[in-house]
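Note sheet for the following structure.
Values in this document were obtained by computation on a predicted structure and should not be read as measured data.
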Amino acid sequence: MNNARGFLSIERRTHGLNYFEYDLPAPVPRQCPISLIPVNGVVRPPVSAPSYRPTRITNKLRHIELVILKRLWEHEYSLRLREPINALELNLPGYHKIIKWPIDLGTIKRRLENRFYWSANECVDDFWWLFTNVYIYFKPRDPFVVTTKALEKIFMQELRSIPRHEIDVRFEPEP
């Protein structure tokens with residue numbers, strides 16, 4: 001059936017959720033912010049989608065939010081990754097000159113809550129940036145790198161359980 005936007009859609013109802021598959025055009029690509037300026041040693045990336053980008057919630061994004069992020073968040077090693085790194089407080093000279101795309105679990109969590117991501121791939125990219133930033137700045141034997149590798153391993157395991165196809169999800173109570 002065709003929806004109001006003129007795109008072909010297929011509706012499926014499962015467990016009180018409506019799933020919609022749309023043949024949608026890709027949104028404007030997400031771009032790295034031109035400059036994120038540290039305030040008191042902390043960079044806080046945006047957590048709301050820009051007005052020119054559409055938002056949506058998909059089965060994959062819900063899985064990341066409810067399963068993968070939850071598992072990582074509850075792990076004891078995630079404590080240092082839950083908030084943006086404070087370069088002043090941790091005495092990390094040049095951190096914001098080296099790390100161009102700072103990200104943390106808290107930002108990813110807020111982005112998921114605010115429907116910042118268009119697809120699960122964008123969210124997974126943020127997780128890769130999270131791990132990569134630690135590996136770029138810190139020395140290989142630093143305890144922070146060791147704990148981050150353990151979290152990355154968990155992330156890789158959980159990523160295998162993600163649904164194969166990405167489908168829009170709209171929550172409605174069953175009649």
Side-chain angles (χ1 to χ4, degrees), residues 14-15 17 19 21 24 26-27 29-33 36 38 41-50 53-87 89-90 92 94-169 171:
T14 310
H15 305 294
L17 300 176
Y19 291 90
E21 290 186 31
L24 293 175
R30 186 172 67 142
Q31 298 174 357
C32 179
L36 292 173
V42 177
V43 168
R44 297 200 182 272
V47 294
S48 297
R53 276 181 55 94
T55 63
R56 69 180 185 161
I57 189 75
T58 68
N59 59 332
K60 285 186 173 187
L61 289 169
R62 291 293 290 169
H63 182 81
I64 291 170
E65 181 179 12
L66 299 176
V67 178
I68 298 175
L69 182 64
K70 182 179 179 190
R71 174 121 190 260
L72 292 175
W73 191 272
E74 291 173 350
H75 198 282
E76 64 182 315
Y77 290 166
S78 73
L79 288 172
R80 287 181 69 182
L81 293 172
R82 290 182 190 169
E83 292 296 323
I85 289 183
N86 187 329
E89 187 177 288
L90 297 174
L92 303 174
Y95 180 81
H96 295 295
K97 289 181 182 172
I98 295 168
I99 303 303
K100 300 298 182 196
W101 190 285
I103 193 80
D104 58 277
L105 287 175
T107 298
I108 294 172
K109 183 178 184 179
R110 285 185 292 282
R111 285 179 170 187
L112 284 164
E113 291 166 354
N114 294 334
R115 298 182 181 179
F116 179 88
Y117 302 110
W118 173 259
S119 71
N121 289 342
E122 290 180 352
C123 184
V124 169
D125 285 347
D126 276 353
F127 278 103
W128 291 129
W129 277 113
L130 173 75
F131 302 132
T132 302
N133 288 345
V134 173
Y135 304 147
I136 287 172
Y137 188 82
F138 296 93
K139 294 183 175 154
R141 293 181 191 213
D142 189 291
F144 194 28
V145 172
V146 174
T147 58
T148 300
K149 282 185 179 180
L151 287 173
E152 182 181 18
K153 186 176 179 182
I154 293 168
F155 176 73
M156 291 295 295
Q157 290 170 347
E158 291 295 332
L159 204 53
R160 291 186 191 125
S161 69
I162 201 164
R164 176 174 248 178
H165 300 288
E166 192 151 20
I167 302 167
D168 282 350
V169 178
F171 297 97

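Minimum heavy-atom separation, Ala120 to Leu61: CA-CD2, 3.7 Å. Contact between Pro102 and Pro45 at its shortest, heavy atoms only, is O-CG, 3.1 Å. Shown here for Lys97 and Lys100, the closest heavy-atom pair between the two residues is O-NZ, 2.7 Å.
Taking the side chain as every heavy atom from C-beta outward, Pro84 and Val43 never approach each other to under 4.5 Å. Residues Ile85 and Phe144 meet the side-chain proximity criterion, which asks for heavy atoms closer than 4.5 Å.
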| said: Evaluate Lys70 against Lys109 for side chain to side chain contact (heavy atoms under 4.5 Å, CB included), listing each step before the verdict. | reply: CA-CA 9 Å; Lys70 182 179 179 190; Lys109 183 178 184 179; over 6 Å; no
| said: Before you tell me yes or no, could you show the steps for Ile64 and Val124 under side chain to side chain contact (heavy atoms under 4.5 Å, CB included), namely the whole-Å CA-CA distance, both residues' side-chain angles and the distance that decides it to 0.1 Å? | reply: CA-CA 9 Å; Ile64 291 170; Val124 169; 4.1 Å; yes
| request: For side chain to side chain contact (heavy atoms under 4.5 Å, CB included), just list the numbers for Ile103 and Arg111, CA-CA rounded to whole Å, side-chain angles, deciding distance to a tenth of an Å, and then say yes or no. | output: CA-CA 11 Å; Ile103 193 80; Arg111 285 179 170 187; 3.7 Å; yes
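Around atom OH of Tyr77, no more than 12 heavy atoms belonging to other residues, nucleotides or ligands sit under 6.0 Å away.
With rounding to the nearest 0.5 angstrom, the CH2 atom of Trp73 is 12.0 Å from the CD atom of Glu65. Put simply, NE2 on His75 and CD1 on Ile154 are 3.5 Å apart, with the number rounded to the nearest 0.5 Å. Taking CG of Leu90 as the start and OH of Tyr95 as the end, the distance is 9.5 Å to the nearest 0.5 Å. Atom CG of residue Leu105 and atom CD of residue Glu83 lie 9.5 Å apart, to the nearest 0.5 angstrom. Between atom CD1 of residue Ile68 and atom CG of residue Leu112 there is a gap of 10.0 Å, rounded to the nearest 0.5 Å. Asp104 CG to Asp126 CG: the interatomic distance, rounded to the nearest 0.5 Å, is 9.5 Å.
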Counting only pairs under 3.5 Å, give me each side-chain donor-acceptor contact of residues 155-162, with atom names and distances, residues two or more places apart or in other chains.
unit_1, atom_1, unit_2, atom_2, d
Glu158, OE2, Arg71, NH1, 2.6
Ser161, OG, His63, NE2, 3.0
Ser161, OG, Glu158, O, 2.7

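With salt bridges taken as basic N to acidic carboxylate O contacts below 4.0 Å, none links Glu113 and Arg110.
Partners of Ser119 according to the side-chain contact (heavy atoms from CB on, under 4.5 Å) rule, which considers only residues two or more places apart in sequence or in another chain, are Arg56, Asn121, Glu122, Glu166. Residues meeting the side-chain contact (heavy atoms from CB on, under 4.5 Å) test with Ile136, sequence neighbours left out: Ile98, Ile99, Thr132. A search for side-chain contact (heavy atoms from CB on, under 4.5 Å) contacts involving Pro50 returns Tyr52, Arg53, Phe116, not counting sequence neighbours. Under the side-chain hydrogen bond (donor to acceptor under 3.5 Å, both in side chains) criterion, Arg82 pairs with Ser78, sequence neighbours left out.
The list of side-chain hydrogen bond (donor to acceptor under 3.5 Å, both in side chains) pairs with a residue in residues 133-155, not counting sequence neighbours, reads Tyr135-Glu152.
Listed for the Asn59 side chain is a donor-acceptor partner under 3.5 Å among the backbone atoms of His165.
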